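Worth saying up front: this structure is predicted, and the values here are computed from it rather than measured. Positions are given from 1, in the same order as the sequence printed here.
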Amino acid sequence: MAAFLIVFLTSLLTLTALPAAESRLYSNYYQKSCPRFNQIVQDTVTNKQITSPTTAAATLRLFFHDCLHNGCDASILVSSTPFNKAERDADINLSLPGDAFDVVVRAKTALELACPNTVSCADILAVATRDLVTMMGGPYYNVPLGRRDGRVSKASAVEGTLPRPAMPVSQLIQVFGSRGFSVQEMVALSGAHTIGFAHCSEFSSAIYNYSKSEQFDPQYNPRFAAGLQQACADYHKNPTMSVFNDVMTPNKFDNVYFQNLPKGLGLLKSDHALFNDPRTRPFVELYAKDQNTFFQAFARAMEKLGVHGIQTGRRGEIRHRCDEFN
């Protein structure tokens, strides 16, 4: 009950502190126009997660790539045409899993039957992400509604706006800082790596022929590195080969990701960097020690990310289909 009150009060504070554009979002936005909105999204994501257990991590990553780039406007969902190469076909987005796109399409289809031309794809993605995080054992956080879908999606604009697995901490701080996120918020959001997986190609240079004297990056636990080498042995032949981000509790949203880092069990270069850099290490240690503190910080950061760069009113549209502009 106390935890619920903390999240509830945090949500109220977040809403009252929203800038003018974001303050047009309301938690009960669809109460009259689409009263079954929350239930339809919840039913859709539950069914999808049961049949495809990677959906939660996939959707969280999709939401992140949509919002951090240029605001939560569902521009990541738009398909390319002969006249426009869309965001989803930018190099960094090519590995976004299909299950994430599929769960949004399924929810949109159901909502169009229940209340046509009413619910934005941006709102569906935001609520689906929250519901899936909660399903995996993560914190519940507030998602105010009323976002519009963007009318622009260009692959050429993506480079440099999203973090890459091999980025040094200084560059990660710059990417997040340019979007208004503090170092602590960046570390909290990195805790999303508690679920999901990464393709072997994203860290292969750290586990094979790392240097003349080292077979693998010495930041890895030796047994973990040997296991990764074995798991990724055929990644050249099979580029989809993947490994869990959190090898200890891969299907549970918890703080074990942070506990893994001091033990050399981080998967990506950026994971190791969070523990090794003095600017980020205190937050890694804090969240490793106290899951409730991590959950509260993650919830606040997700609420902030969810209203980043949004479009409301006439600035956007309600797409009929999430993968194409009206």
Side-chain angles (χ1 to χ4, degrees), residues 22 25-27 29-30 34 37-49 52 54-79 86-88 90 93 96-112 114-115 117-136 138 140-153 158 161-162 179 189 192 195-196 298-299 301-312 315-326:
E22 285 91 337
L25 300 185
Y26 308 98
S27 57
Y29 189 85
Y30 297 112
C34 193
F37 164 73
N38 284 305
Q39 191 61 53
I40 289 171
V41 174
Q42 181 129 51
D43 290 347
T44 304
V45 302
T46 300
N47 291 334
K48 178 67 180 176
Q49 178 65 21
S52 303
T54 59
T55 300
T59 307
L60 181 53
R61 187 167 169 231
L62 183 68
F63 175 74
F64 185 80
H65 279 231
D66 183 47
C67 295
L68 197 66
H69 164 53
N70 66 342
C72 304
D73 64 352
S75 52
I76 191 72
L77 303 176
V78 174
S79 295
E87 273 175 46
R88 67 193 290 176
N93 289 331
L96 290 172
D99 283 331
F101 293 93
D102 182 60
V103 74
V104 177
V105 169
R106 289 185 186 201
K108 177 65 169 173
T109 302
L111 286 162
E112 284 299 302
C115 23
N117 306 321
T118 303
V119 179
S120 69
C121 302
D123 276 347
I124 294 170
L125 179 55
V127 172
T129 301
R130 190 271 315 280
D131 288 355
L132 286 161
V133 165
T134 308
M135 275 184 70
M136 298 295 285
Y140 180 91
Y141 55 90
N142 191 58
V143 180
L145 302 165
R147 296 165 190 76
R148 298 289 189 184
D149 298 322
R151 295 189 177 102
V152 177
S153 180
V158 174
T161 64
L162 295 171
R179 298 294 189 264
L189 290 170
I195 55 174
F298 183 81
M302 286 296 284
E303 287 177 349
K304 181 174 176 178
L305 180 61
V307 297
H308 171 63
I310 59 159
Q311 299 186 26
T312 57
R315 288 182 58 214
E317 64 183 16
I318 305 289
R319 276 185 223 141
H320 304 310
R321 288 177 47 133
C322 290
D323 62 352
E324 64 183 31
F325 304 123
N326 291 346

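- In this structure, E324 and S79 have side chains that are not in contact, with every pair of non-hydrogen atoms separated by 4.5 Å or more.
- Using a 4.5 Å heavy-atom threshold, the side chains of Q42 and V127 count as separate.
- Looking at every heavy atom in both residues, C121 comes nearest to V104 through O-CG1, 4.5 Å.
- In terms of heavy-atom proximity, F64 sits nearest to L305 at CD1-CD2, 3.8 Å.
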- request: Please test V133 against I195 for side-chain contact (heavy atoms from CB on, under 4.5 Å), starting from the C-alpha separation and ending with a verdict.
  value: CA-CA 9 Å; V133 165; I195 55 174; 5.5 Å; no
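- The distance from the OG1 atom of T109 to the CG atom of D102 is 9.0 Å, given to the nearest 0.5 Å.
- The OG1 atom of T55 lies 9.5 Å from the CE atom of M136; values are rounded to the nearest 0.5 Å.
- For F101, there are no ring-ring contact (aromatic ring centres under 6.0 Å, His included) partners two or more places apart in sequence or in a different chain.
- Looking at E112, its side chain does come within 3.5 Å of a backbone N or O of N117 through a donor-acceptor pair.
- L189 is listed as a side-chain neighbour of M302, based on a closest heavy-atom distance under 4.5 Å.
- The two atoms that bring I76 and R88 nearest to each other are O-CB, 3.3 Å, heavy atoms only.
- Put simply, the side chain of D66 reaches to within 4.5 Å of the side chain of S75, judged on heavy atoms.
- Within the 4.5 Å cutoff, side-chain heavy atoms of H65 are placed close to those of L96.
- Between the side chains of Y30 and D123, at least one donor N or O sits under 3.5 Å from an acceptor N or O.
- Nearest heavy atoms, V119 versus C34: CG2-SG, 4.0 Å.
- Listed by first and then second residue, the side chain to side chain donor-acceptor pair (under 3.5 Å) pairs involving residues 126-136 are R130-Y140 (not counting sequence neighbours).
- Here the CG atom belonging to D99 is positioned 11.0 Å from the CG atom belonging to L62, to the nearest 0.5 angstrom.
- When side chains are defined from C-beta on, L125 does not count as touching C72, because their heavy atoms never get closer than 4.5 Å.
- Ring geometry, Y141 versus F298: the interplanar angle exceeds 60°, so the pair is classed perpendicular (tilted spans 30 to 60°).
- Side-chain N or O atoms of S153 include one that pairs as donor or acceptor with a backbone N or O of E87 at under 3.5 Å.
- Although no hydrogens or angles enter the test, the distance criterion places no donor-acceptor pair under 3.5 Å between the side chain of R106 and the main chain of T44.
- For R319 (side chain) and G150 (main-chain N/O), a donor-acceptor pair under 3.5 Å exists by modelled atom type.
- Taking CZ from R315 and CZ from R151, the interatomic distance works out to 10.5 Å, rounded to the nearest 0.5 Å.
- Contact check for T312 versus L25: side-chain heavy atoms found under the 4.5 Å cut-off.
- Remark: the backbone N or O of G196 is not paired with any side-chain donor or acceptor of R61 at under 3.5 angstrom.
- Across S27 and L145, no two heavy atoms sit closer than the pair O-CD1, 3.8 Å.
- Without hydrogens or angle criteria, N326 side chain to I318 main chain gives a donor-acceptor distance under 3.5 Å.
- Within the 4.5 Å cutoff, the side chain of D323 has no heavy atoms near those of the V105 side chain.
- The closest donor-acceptor contact from the side chain of Q49 to the backbone of M135 lies at 3.5 Å or more, if one exists at all.
- Looking at S120, its side chain does come within 3.5 Å of a backbone N or O of R147 through a donor-acceptor pair.
- Taking NE2 of H308 as the reference point, atom CG of D73 lies at 9.5 Å (rounded to 0.5 Å).
- Panel note: side chain K48, backbone A56; no donor-acceptor pair is recorded below 3.5 Å.
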